[in-house]
Amino acid sequence: MLTDQLSTEALGVLLHAAGAVSGVVDTPPCRFEVNGHLIDVYIDGAHLLPANDPTARTRRIATGGAIFNLRCAAASLSFDSWVSICPYPYDPDLAARIVVEPTGLPDQELRRLYGAILSRHLPRPPGFPDRTVRTALTRAAEIETAKLTWLPRSLADLATLSTDRDEPADQVVLGIARQRVLLTSLAHDVQAMCLHQTLMRFGREPGEAARTDDR
């Protein structure tokens with residue numbers, strides 16, 4: 001029953017995955033309040049900062065990544081998940097409300113990407129994304145209502161990620177999309193990292209040191 005509490009083991013898996021967010025090296029960008037199968041994601045103090053404040057924007061994007069990782073972990077435990085972004089205008093610190101529910105048909109793509117979370121520290125082989133991988137990365141962004149735009153190729157494949165608007169909810173969505181794109185690249189065995197909040201690099205030259213974008 002959904003009134004039951006998540007087990008300590010399941011909750012540990014979910015929150016551990018949420019903490020494995022690319023580029024987060026200091027304090028967590030958000031906190032979680034769990035009530036049964038309902039998980040609220042808060043960015044404390046967000047209401048005190050304007051939407052275009054750089055610190056607030058960084059925290060919202062990182063929070064989006066944490067939300068997506070949590071959904072991947074939920075799928076690995078045979079849970080479905082639903083996310084409502086910034087559900088209550090009167091509570092701007094509430095970045096998202098997530099509902100998880102046991103299912104016999106978990107999202108297989110999210111389960112596969114959970115494997116990429118677990119292997120994120122492993123080096124990927126040299127090389128760049130081919131057309132098939134590029135298509136998969138573009139689709140990953142589109143699934144989360146974002147757009148991945150490929151830049152002219154130089155030493156590596158570069159792309160920018162964007163949403164139609166840049167309100168607080170859009171910044172959280174951007175973080176969700178960015179994490180799906182990053183994990184999709186890793187799942188295809190292609191190195192991926194963020195050079196900026198919205199600028200991403202895929203692949204590496206032979207002889208170039210392998211790098212990951214995580215802690």
Side-chain angles (χ1 to χ4, degrees), residues 1-22 24 28-42 60-87 94-122 124 129 132-146 148 161 163 169 172-190 192 212-215:
M1 296 175 61
L2 292 185
T3 54
D4 295 339
Q5 293 291 326
L6 289 166
S7 70
T8 301
E9 180 182 8
L11 188 57
V13 171
L14 297 178
L15 297 185
H16 183 268
V21 183
S22 300
V24 177
C30 57
R31 64 179 174 86
F32 301 88
E33 290 189 1
V34 182
N35 182 13
H37 286 243
L38 186 71
I39 303 172
D40 285 338
V41 187
Y42 285 93
R60 291 188 187 104
I61 291 173
T63 295
I67 290 168
F68 186 76
N69 276 10
L70 189 149
R71 291 196 65 215
C72 292
S76 78
L77 298 174
S78 294
F79 284 106
D80 265 342
S81 58
W82 295 269
V83 181
S84 179
I85 304 297
C86 300
L94 180 59
R97 172 160 287 177
I98 308 171
V99 178
V100 294
E101 178 180 356
T103 178
L105 296 171
D107 187 308
Q108 295 302 311
E109 178 66 11
L110 294 182
R111 294 188 82 167
R112 185 172 75 96
L113 294 181
Y114 180 68
I117 296 173
L118 298 180
S119 67
R120 67 193 185 280
H121 294 304
L122 299 179
R124 266 54 185 185
T132 299
V133 175
R134 277 184 168 227
T135 299
L137 297 176
T138 300
R139 175 181 170 274
E142 292 173 348
I143 290 173
E144 304 297 346
T145 67
L148 191 69
L161 189 67
T163 52
V172 176
V173 169
L174 182 68
I176 292 172
R178 188 178 76 172
Q179 194 68 5
R180 183 185 276 269
V181 170
L182 286 170
L183 294 178
T184 298
S185 183
L186 295 180
H188 282 86
D189 230 14
V190 175
T212 63
D213 197 37
D214 281 287
R215 291 170 290 182

Quiz item: Are the side chain of Arg180 and the backbone of Ala177 linked by a donor-acceptor contact shorter than 3.5 Å?
Solution: no

Practice problem: Using modelled atom types only, decide if a donor and an acceptor are shared between the side chain of Thr138 and the backbone of Arg134 within a distance under 3.5 Å. | Solution: yes

Quiz item: Nearest heavy-atom pair of Leu182 and Ala192: which atoms, and what distance?
Solution: CD2-CB, 3.7 Å

Practice problem: Starting at OG of Ser81, measure out to CD1 of Ile98 and round the result to the nearest 0.5 Å. | Solution: 7.5 Å

Quiz item: So do Leu14 and Ile39 actually touch side chain to side chain, heavy atoms under 4.5 Å?
Solution: yes

Quiz prompt | Student check: side-chain heavy atoms of Leu94 and Pro87 closer than 4.5 Å | solution = yes

Quiz item: Can any side-chain N or O of Arg97 pair as donor or acceptor with the backbone N or O of Leu38 at less than 3.5 Å?
Solution: no

Self-check item: Interatomic spacing from CG in Leu161 to OG1 in Thr163 - rounded to 0.5 Å
Solution: 8.0 Å

Quiz item: So, for Val21 and Ala62, which heavy atoms are closest and what is the spacing to 0.1 Å?
Solution: CG1-O, 3.5 Å

Quiz item: How far does CD1 of Ile61 sit from CG of Leu174, to the nearest 0.5 angstrom?
Solution: 4.5 Å

Quiz item: Minimum heavy-atom separation for Ile117 to Ala20, with atom names?
Solution: CG2-CB, 4.1 Å

Quiz item: Short question: side chain of Asn69, backbone of Ala17 - any donor-acceptor pair under 3.5 Å?
Solution: yes

Quiz item: Taking His37 for the side chain and Val100 for the main chain, is one N or O donor matched with an acceptor at less than 3.5 Å?
Solution: yes

Self-check item: Arg139/Glu142 salt bridge by N-O under 4.0 Å criterion
Solution: no

Quiz item: With a cut-off of 6.0 Å (strictly less than), are more than 12 heavy atoms of other residues, nucleotides or ligands near CD of Glu9?
Solution: no

Quiz item: When rounded to the nearest 0.5 angstrom, what is the spacing between CG in Leu110 and CZ in Phe79?
Solution: 14.0 Å

Practice problem: State, with a plain yes or no, whether a side-chain heavy atom of Leu183 is found less than 4.5 Å away from one of Phe68. | Solution: yes

Exercise. Please confirm whether the backbone N or O of Val190 pairs with a side-chain atom of Ser185, one donor and one acceptor, at under 3.5 Å?
Key: yes

Quiz item: At what distance, to the nearest 0.5 angstrom, does CG of Asp40 lie from SG of Cys30?
Solution: 11.5 Å

Quiz item: For the atom pair CZ (Arg60) and CD1 (Ile176), what is the distance rounded to the nearest 0.5 Å?
Solution: 13.5 Å

Self-check item: Closest contact, heavy atoms only, Pro129 versus Val133
Solution: CB-CG1, 3.6 Å

Quiz item: Taking all atoms of both residues into account, what is the closest heavy-atom pair of Ser76 and Tyr114, and its distance?
Solution: CB-CD2, 3.4 Å

Exercise. Check Ala136 against Thr184 and note the closest heavy-atom contact, atom names and distance.
Key: O-CG2, 4.1 Å

Quiz prompt | Stepwise side chain to side chain contact (heavy atoms under 4.5 Å, CB included) check, Val41 with Glu33 | solution = CA-CA 7 Å; Val41 187; Glu33 290 189 1; over 6 Å; no

